[in-house]
Amino acid sequence: MPPQAALALTEDRRRCTGESHQALCTFLTNPGQPLRIPAAHHPEQAELETAVFLACCKIGGLSQHPLGIVHVRPGEDQLALRLANEPYIIHYWAEFLLPRLTDDDEFSDPRDRILGVPGLRYRRERGGIFLYRPGMPASILLTGFTPRSWDRIVNGPLADYDLRLKADWTPMERAAYAAATASPTDPPSIYSPLLRRIRATAGPGPINSTGNWLGLWGWWVCRAAGWRLPVSRR
């Protein structure tokens, strides 16, 4: 295949994921067909990606990397995210993802009793931090930083996030998960594909922070360059 033709077939995916053309060439198996971005194969994978997006979309910050994500490697059974190797990025990802109990009373909505992603656990793997939910076919691999930097944060400022030490789900986490999956306002059919294409929200300049917020009419994605995009409606 001519080099220019191959570049054209990977262009859309490179813009959406930040992957390099060289890394994508091996996936060009259908002549003349643009390289697609695979969807999550299992519903549990899409649910985990949705929970991670909604937890981390509050990071903000002035960065050329939306949510601190340098590039995405989407697979049917796993999602790999390369984060910017900045201490505040790693700190906020750990802080917003790892689950812990709140001080709300027992009569509160289960989702208000858990901060972070219910059921989320992690382990160190070669080259990164492996995020998963016990007993579910869902995982996200975080790379771009040394696992030691993650450990310093988790065992230091976040040492009281004790749910991360549980081998299995706690009853409160299961209740929060059940409530979240039953909610029509946070559909994985929107947020999982959005996370897999998050680099499409990055602009060409050095400061293009992607911000996300829940407004009266649903979730919005915006960029420092000025545009806003509604991603769901209530």
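Position 1 is the first residue of the sequence; numbering continues from there. Basis for what follows: all heavy atoms, side chains included, without hydrogens, waters or symmetry-related copies. Just so it is clear, the model here is predicted, and its values are computed rather than measured.
The shortest side-chain heavy-atom distance between Glu95 and Ile153 does not fall under the 4.5 Å cut-off. For the pair Leu141/Ile129, no side-chain contact is recorded, criterion being any heavy-atom separation below 4.5 Å from C-beta on. Two residues are said to be in side-chain contact when any heavy atoms from C-beta on lie closer than 4.5 Å; Phe96 and Leu115 fail this criterion. Trp93 is listed as a side-chain neighbour of Leu81, based on a closest heavy-atom distance under 4.5 Å. Contact of the Asp77 side chain with the Pro137 side chain is not registered, since no non-hydrogen atoms from C-beta on lie closer than 4.5 Å. Side-chain contact check for Met136 versus Trp169: some heavy-atom pair is nearer than 4.5 Å. Here the side chains of Phe145 and Ile89 are not in contact, with every heavy-atom distance at 4.5 Å or above.
Of the N and O atoms on the side chains of Thr10 and His21, at least one donor lies less than 3.5 Å from an acceptor on the other residue.
Remark: of the listed residues Arg14, Arg13, Arg82, Arg13 is the sole one forming a side-chain hydrogen bond (donor to acceptor under 3.5 Å, both in side chains) with Glu19.
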Can you check side chain to side chain contact (heavy atoms under 4.5 Å, CB included) on Thr17 and Arg197, steps first, answer last?
-> CA-CA 5 Å; Thr17 66; Arg197 294 163 174 81; 5.7 Å; no
Decide yes or no on side chain to side chain contact (heavy atoms under 4.5 Å, CB included) for Arg123 and Tyr132, but give the supporting numbers first.
-> CA-CA 8 Å; Arg123 64 174 180 263; Tyr132 67 99; 3.8 Å; yes
Please step through side chain to side chain contact (heavy atoms under 4.5 Å, CB included) for the pair Leu163 and Leu98, ending with a clear verdict.
-> CA-CA 8 Å; Leu163 291 182; Leu98 296 179; over 6 Å; no
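A chain of hydrophobic side-chain contacts below 4.5 Å, direct or via other Ile, Leu, Val, Met, Phe, Trp or Tyr residues, connects Tyr88 to Val154. No continuous path of hydrophobic side-chain contacts links Ile90 to Val70 [ILVMFWY only; heavy atoms under 4.5 Å].
With respect to Glu76 and Arg36, a salt bridge is recorded, a charged nitrogen being found less than 4.0 Å from a carboxylate O. A salt bridge does not link Glu173 to Arg100: none of the charged side-chain nitrogens sits closer than 4.0 Å to a carboxylate oxygen. With respect to Asp12 and Arg15, a salt bridge is recorded, a charged nitrogen being found less than 4.0 Å from a carboxylate O.
Atom CG of Leu83 sits about 8.5 Å away from atom SG of Cys56, to the nearest 0.5 Å. In this structure, the separation between CG on Leu195 and SG on Cys57 is 10.5 Å, given to the nearest 0.5 Å. Residue Thr146 holds its OG1 atom at 8.5 Å from CG of Asp151, rounded to the nearest 0.5 Å. From His71, atom NE2 reaches atom OG1 of Thr143 across 5.5 Å, with rounding to the nearest 0.5 Å.
Listed here is the closest heavy atom pair of Ala55 and Leu97: CB-CD2, 4.1 Å. Residue Arg199 comes nearest to Pro66 through the heavy atom pair NH1-CD, 3.4 Å, listed as atom of the first residue, atom of the second, then distance. Looking at every heavy atom in both residues, Pro99 comes nearest to Ile114 through CB-CG2, 4.2 Å. Heavy-atom minimum distance, Ala159 versus Arg164: O-NH2, 3.6 Å. Nearest heavy atoms, Pro193 versus Pro188: CD-O, 3.3 Å. Heavy atoms only, all atoms of each residue included: Pro147 and Glu125 are closest at CG-O, 4.4 Å.
Judged by distance alone, the side chain of Arg113 and the main-chain N or O of Met172 form no donor-acceptor pair under 3.5 Å.
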Tabulate below the donor-acceptor pairs under 3.5 Å that side-chain atoms of residues 43-54 make, not counting sequence neighbours, or state none.
residue: Gln45; atom: OE1; partner: Ser139; partner atom: N; Å: 2.9
residue: Gln45; atom: NE2; partner: Glu49; partner atom: OE2; Å: 2.8
residue: Gln45; atom: NE2; partner: Ser139; partner atom: O; Å: 2.9
residue: Glu47; atom: OE1; partner: Tyr177; partner atom: OH; Å: 2.4
residue: Glu49; atom: OE1; partner: Ser192; partner atom: OG; Å: 2.5
residue: Glu49; atom: OE1; partner: Arg196; partner atom: NE; Å: 2.9
residue: Glu49; atom: OE2; partner: Arg196; partner atom: NE; Å: 3.3
residue: Glu49; atom: OE2; partner: Arg196; partner atom: NH2; Å: 2.8
residue: Thr50; atom: OG1; partner: Ala46; partner atom: O; Å: 2.9

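Stacking of Arg124 on the aromatic ring of Phe130 is not recorded, the 6.0 Å distance cut-off and the 45° axial limit not both being met.
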